[in-house]
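Remember, predicted model here, so these are calculated numbers, not experimental data.
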Amino acid sequence: MIEVEAIAKRNGCVSVRVSTTEAERLAFWAGRKAAFPAIGRLSPDYLCMDGTIPRGRLPEVLTKMAELSEKHGMRVANVFHAGDGNLHPLIMYDAGIPGQLETAEEFGADILKLCVDVGGVLTGEHGVGIEKRDLMEYQFEQADLEQQQRLKCAFDEEGVLNPGKVFPKLCRCAELGRVHVHRGQTRFPDLPRF
Amino acid sequence: MLMPPPDPALIADKARHVAALRAIVPGEGVIDDDAALGAYECDALTAHTQRPLAVVLPSTTAQVSAILAYCNRTGLKIVPRGAGTSLSGGSLPLADGIVLGFGKMNRVLEVDFDNRCAVVQPGVTNLGVTNAVKYRGFYYAPDPSSQIACSIGGNVAENSGGVHCLKYGLTTNNLLGVELVLTDGSVVRLGGKGMDGPGLDLLGVVAGSEGMLGVVTEVTVRILPAPESRRALLIGFASVEAAGACVAETIAAGSAIRSMSRPC
Amino acid sequence: MTTLTPTTVEDVAEIVRDAIEAKQTLELVGSGSRRGYGRVPQADATLDLSTLSGVVAYEPAELVLTARQATPMAEIRALLAQHGQSLAFEPPDLSAVWGRPRGSGTLGGALSLGFGGPRRPYAGAARDHFLGFKAVNGYGEAFGAGGRVVKNVTGFDLPKLMAGAMGTLGVLTEVTVKVLPAPQTVETVVLTGLDPARAVAALSAAQNSAAQVTGAAVLPPQVLAAFPDLPDGEMVALIRLEGVAPSLPSRRAVLADVLAHFTAPTELLGEAASERVWTAVADAAPFADASRPLWRITLPPASAPDVIMALAYDDSIGGQRGYLDWGGGLIWLEVDGQHPEQAAALRAHLAAIPGANATLVRGDAALRSTIPPLQPLEPGLLALTRRVKAQFDPHGLFNPGRLYEGV
């Protein structure tokens, strides 16, 4: 505790408050946990994003996010678990105004691509679902996604469980099982053959 | 949002499918009237909606097994749903599919302090697990911000985290075992009260599989004794950069930090 | 037997595609330290991965490290130590158990085996610290999964599946692990004068307290020769506390309070002795450099006293020497003779305990060919396991049958 305070002071903090009672500790956290409802008072609707970045890239990502905010003409507030690099940008929009949801979604996609660009990932804890499904190809190669879908085939060959989520393309298991025939030069001729 | 095109034959046959499902889950366990289905048309990603063919609310593993076998045979899609708090649309329904809801499977089956675990049904809320064990000073570590409402089954599907995950990990790191129903209706147990079950770590891929590999009907989670002293520090910084540098240095110093957040 | 030595990922992919055409199976070998584990390796050719070595990226502040699969564990440990970090799952060094020089394992091997050390119940196993990888599947395609950040739920968590798979699903070429600051200090409370049941109960009380225990073991007199730092002659129970130094006195006091119902602590081991003792606990040191069958039994910790009692009274399982880790959740047990019937007898004692499994970690080739070294799976689970294997390695090229028949 004392050590954290010293580190904070070295890094130029402007205030430090240590909780002295359990009630006070919960009150501090209540501030964090109420961040989402607080945004609700600033804007009629918001989209909550969930990318993760390497922690050291945070300042750069925040700067670029501000640029994206300007580009899309839409406000964004940041709530994050800085300890693990998990960002929750809240994009504020008004669903009552035609086109705003679409703009918010484009803005969100740009933020998540930014996370991937700096070595992070699309989702730290909310899951891919349908929200980030079409961005999966931005983070993963086709072979990566095919292997994930093959795992699904081991469990759900008919594709009846929650289809349309996570993966941008629906593949038939039979197609995924096909081997891409290899007719190249043999570089390891000492492999014994029949 | 483009979803797989529904199969019109399945939709045309709704009455027959509903009757078959009612034979498995009698009474109010099958919802098929349009107005009532509206309550299930989206999760917490409210921008996208779709009414399902029907909603089925099983009470037992045997019912879940029979429902999955029926759907697998007929091609009806299955969208599992816990409390519907997914922010990514994980339980957005399909027009030619059922929503499989776990609101009725919401009992804490066993609390085992000697083995530091709890066995619960998937519909128990995240906070419900902590509430069941806190009289002995224990808690369940993953604490997503929706913990009052979100279900353990949903947590397993999404591998939910929370503010404590820096030290205690996500759901997957606190999950000891599940009972899993496969699409053919067969039931397997992965893991249990002992650690490191034999063979491939299938439990590890079921966690976070977003309801695409199987349907979880029972969950065994690790519970932890609450540490004696917990303090929170509220530190103000003039700039984000300074705050970030402080976070990095604090973690590198190895302080027993559980979480660090930056409200706006 | 033919040995193929790839130096790049492309080489690995090429070899696999050739193997598909030639219908040849491959045994994946890093340093070879774990060849004694699982069913006896049987393949047409050896895929020697030892040249795929070296740290690719290490960012201490990001708590992640990426290395090629066969990077020696000794190199990883030394590098992390320079930055005050470590692998929190305490990967055991079991080289000596399999008669190899200590420290001969690789990072990829440790992940493929998947074991965690004494911190397993509190900080997880290899699976919990394995963030991402690049690999070549049984189609001869390079693919990857996971990422280089600690918090990530994007796509299926394939690193979990690769951990413990013993190379049966693909050829890992590069792996990323989570690293954490090494505990600032460590100490060990030593208890004596307890029988096994009371010892496990005392450890349970300690783990259930607010003391934040990170190690709980019970060592009978027969294994104490491997622990020169401990009092000799009678059974000891060990409780480890780790963390920042100022937190220890209050946690020690919490511990003393709950242990008062059992016995007074005999001794408190300092940092150096604690390091030695817990390394020996992790590495199954009492069973090093021998060839007798060695079992690793995982079970619900509270069941341990009944199980060891039942085993001790079973005359068909001779010459038992063992100890408990994980507060009872792990039993290391060495037995005399390479007798197949012992395996059935041993597993029979676990049959009534859900979640209990026995793995033969060491045994001669004849024994490992006669009895399944890994706990047999229920038929439904075995069928599912085979389907998963087939989706990664449809031709059964990689380490065929290493885990189970057909897997």
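- Counting non-hydrogen atoms of neighbouring residues, nucleotides and ligands closer than 6.0 angstrom, the NZ atom of C/Lys134 reaches no more than 12 such neighbours.
- Heavy atoms of C/Val388 lying under 4.5 Å from chain A belong to its backbone as well as its side chain.
- Closest non-hydrogen pair, C/Val149 versus A/Gly120, comes out as CG1-CA, 4.1 Å.
- A/Thr52 places none of its side-chain heavy atoms less than 4.5 Å from the side chain of C/Asn152.
- Residues A/Ala143 and C/Ala142 approach most closely at CB-O, 3.4 Å, considering heavy atoms.
- A donor-acceptor pair under 3.5 Å links the side-chain atoms of A/Arg55 to the main chain of C/Ala61, judged by distance alone.
- Within a 6.0 Å radius of CD in A/Gln142, other residues, nucleotides and ligands contribute 12 heavy atoms or fewer.
- The structure places CZ of C/Phe156 at 13.5 Å from CG of A/Asp144, a figure rounded to the nearest 0.5 Å.
- Neither the backbone nor the side chain of A/Leu145 comes within contact range of chain C; no heavy atom of the residue lies under 4.5 Å from a heavy atom of that chain.
- A/Leu151 and C/Phe392 make their closest contact through CD1-CE1, 4.1 Å (heavy atoms, listed as atom of the first residue, atom of the second, distance).
- Counting heavy atoms from C-beta on, the side chains of C/Thr154 and A/Met136 come closer than 4.5 Å.
- The line from NZ of C/Lys151 to CG of A/Asp50 is 7.0 Å long, rounded to the nearest 0.5 Å.
- Of all the listed residues (A/Glu157, A/Glu141, A/Lys152, A/Gln139), the one sharing the greatest number of non-hydrogen pairs under 4.5 Å with chain C is A/Gln139.
- For the pair A/Arg150 and C/Phe143, the cation-pi test (distance below 6.0 Å, angle within 45°) is failed.
- Between chain A and the options C/Val64, C/Leu384, C/Leu161, C/Val150, heavy-atom pairs under 4.5 Å are most frequent for C/Leu384.
- Taken from CD in A/Glu146 to CD in C/Glu141, the straight-line distance is 6.0 Å, to the nearest 0.5 Å.
- The backbone N or O of C/Gln391 sits less than 3.5 Å from a side-chain atom of A/Gln147, completing a donor-acceptor pair.
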